[in-house]
Amino acid sequence: VDLQPGERITHNDGAAIAGMSLVKVPILINTYRVLDGPPNIEHTKLITETTALSSNFAANLLLQTIAGKPDAYAGADIVTQSMRDLGLYNTFIAVPIDADPRPDRLNTVLTPANSRTDITTHADPFRQITTGDLAALLEMVYACAETDNGPLRELYQEQLTADECSEMLKMMQ
């Protein structure tokens, strides 16, 4: 997506793909959403390690931050629900990154993308996203940062500011 004129190119944007590092974008958004103010030194370190170094360990610690307790699975559930709240039904984290599935919970999510029979991508069953969802999510972060508007600001107006969205763009850059 060219964010200025809004031009886009798509190819199988509704196909489920493995979400390993791509689901770190929803983790980043939810981290900023739960923080009360700018990230402290520890959060900044985890955000940097997650975005710049693609650290799975740091991403799982951010899931614990999102949950407000030492339970990355609870954080994963919050991230997944937030994607649903934004209308992104093909994005989920059922099992934290590099974690083992647990027998006491569902370890995958049935979505429109992974229910398709016309294309098989063999996506990771534990974490998935589509390029369409990712593009929409990045557009939401951009709109939040540039116009202080859009779905992220509408849904999370008390939890997410335009400055935080700008900071997320810088961290992903």
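For clarity, every value in this text was computed on a predicted model and none was experimentally measured.
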Exam field: side chain T80 to backbone F92, donor-acceptor pair closer than 3.5 Å: no

Side-chain heavy-atom pair R153, T147 within 4.5 angstrom cut-off: no

By side chain to side chain donor-acceptor pair (under 3.5 Å) - contacts of Y142 (at least two apart): Q4

Take atom CG in D118; do more than 12 heavy atoms of anything else shown fall under 6.0 Å from it? yes

So, applying side chain to side chain contact (heavy atoms under 4.5 Å, CB included) with Y156, which one of D85, T161, V34 is it? D85

Taken to the nearest 0.5 Å, the spacing of I129 CD1 from M83 CE works out to 8.0 Å

Could you name each residue pair satisfying disulfide bond (SG atoms under 2.5 Å apart) that touches residues 24-58, not counting sequence neighbours? none

So disulfide bond (SG atoms under 2.5 Å apart) across residues 18-48, not counting sequence neighbours, yields none

Step by step, work out the side-chain contact (heavy atoms from CB on, under 4.5 Å) result for L152 and Y32. CA-CA 11 Å; L152 286 175; Y32 276 92; over 6 Å; no

Under a single-linkage definition using a 4.5 Å side-chain heavy-atom cutoff for Ile, Leu, Val, Met, Phe, Trp and Tyr, are V79 and L28 assigned to the same hydrophobic cluster? yes

Greater than 12 external heavy atoms within 6.0 Å of I119's CD1: yes

Begin from the C-alpha positions of K24 and N56 and carry the test side-chain contact (heavy atoms from CB on, under 4.5 Å) through to its verdict. CA-CA 9 Å; K24 291 176 182 172; N56 296 338; 2.8 Å; yes

Here the gap from L22 atom CG to L134 atom CG, rounded to the nearest 0.5 Å, amounts to 5.5 Å

Is there a side-chain contact between T51 and Q173 in this structure, where contact means two heavy atoms from C-beta onward sitting under 4.5 Å apart? no

Approximate separation, where rounding is to 0.5 Å, of I47 CD1 and K45 NZ: 13.0 Å

Is a salt bridge present between D13 and R8, judged by a nitrogen-to-oxygen distance below 4.0 Å? no

Out of curiosity, Q159 CD to D36 CG, how far, rounded to the nearest 0.5 Å? 9.5 Å

Minimum heavy-atom separation for E164 and G37, please, with both atom names. OE2-O, 4.0 Å

Nearest heavy-atom pair of A123 and A18: which atoms, and what distance? CB-N, 3.8 Å

Under 4.5 Å between side-chain heavy atoms, hopping through other hydrophobics if needed: is there a path connecting L61 to V23? yes

Grab the two heavy atoms, one from I97 and one from N60, that are nearest each other, plus how far apart they are. O-ND2, 2.6 Å

Decide if atom CG of L169 counts as having more than 12 heavy atoms of other residues, nucleotides or ligands within a radius under 6.0 Å. yes

Nearest heavy-atom approach of T111 to Q128 is OG1-OE1, 4.3 Å

Measuring only between side-chain heavy atoms, which start at C-beta, is T91 closer than 4.5 Å to P26? yes

Run N12 and T131 through side-chain contact (heavy atoms from CB on, under 4.5 Å) and show every step you take. CA-CA 8 Å; N12 290 330; T131 58; over 6 Å; no

Under the criterion side-chain contact (heavy atoms from CB on, under 4.5 Å), I'd like the reasoning laid out for L138 against M172: C-alpha separation, chi angles, the key distance, then a yes or no. CA-CA 10 Å; L138 292 172; M172 287 187 281; 3.9 Å; yes

Atom pair CG/CE of D163 and M168 - distance to nearest 0.5 Å: 11.0 Å

Can a donor-acceptor pair be found between the side chains of Q81 and D77 at a distance below 3.5 Å? no

Return each pair, listed once, that meets disulfide bond (SG atoms under 2.5 Å apart) where at least one residue sits in residues 97-173; pairs must be two or more places apart or across chains. C144-C165

Could you pull out all residues at least two apart from D104 that satisfy side chain to side chain donor-acceptor pair (under 3.5 Å)? R102

V95 with L63, same ILVMFWY side-chain cluster at under 4.5 Å: no

So which heavy atom on R33 is nearest to which on L160, and how close? N-CD1, 4.0 Å

Does a sphere of radius 6.0 Å around CG in L53 hold more than 12 heavy atoms from other residues, nucleotides or ligands, not counting ones at 6.0 Å or beyond? yes

Decide whether L155 and I27 are clustered together by the hydrophobic rule: side chain heavy atoms of Ile, Leu, Val, Met, Phe, Trp, Tyr closer than 4.5 Å, transitively. yes

I17, T130, V109 screened by side chain to side chain contact (heavy atoms under 4.5 Å, CB included) with N90, the one that passes: T130

Correct closest heavy-atom pair for R105 and A94 would be NH2-O, 3.1 Å

Do I29 and L88 land in one hydrophobic cluster if side-chain heavy atoms of ILVMFWY residues count as linked below 4.5 Å? yes

According to side-chain contact (heavy atoms from CB on, under 4.5 Å), who are the partners of L35, at least two apart in sequence or on a separate chain? T31, P39, H43, T65

State whether the side chain of D148 and the backbone N or O of E146 hold a donor-acceptor pair below 3.5 Å, judged by distance alone. no

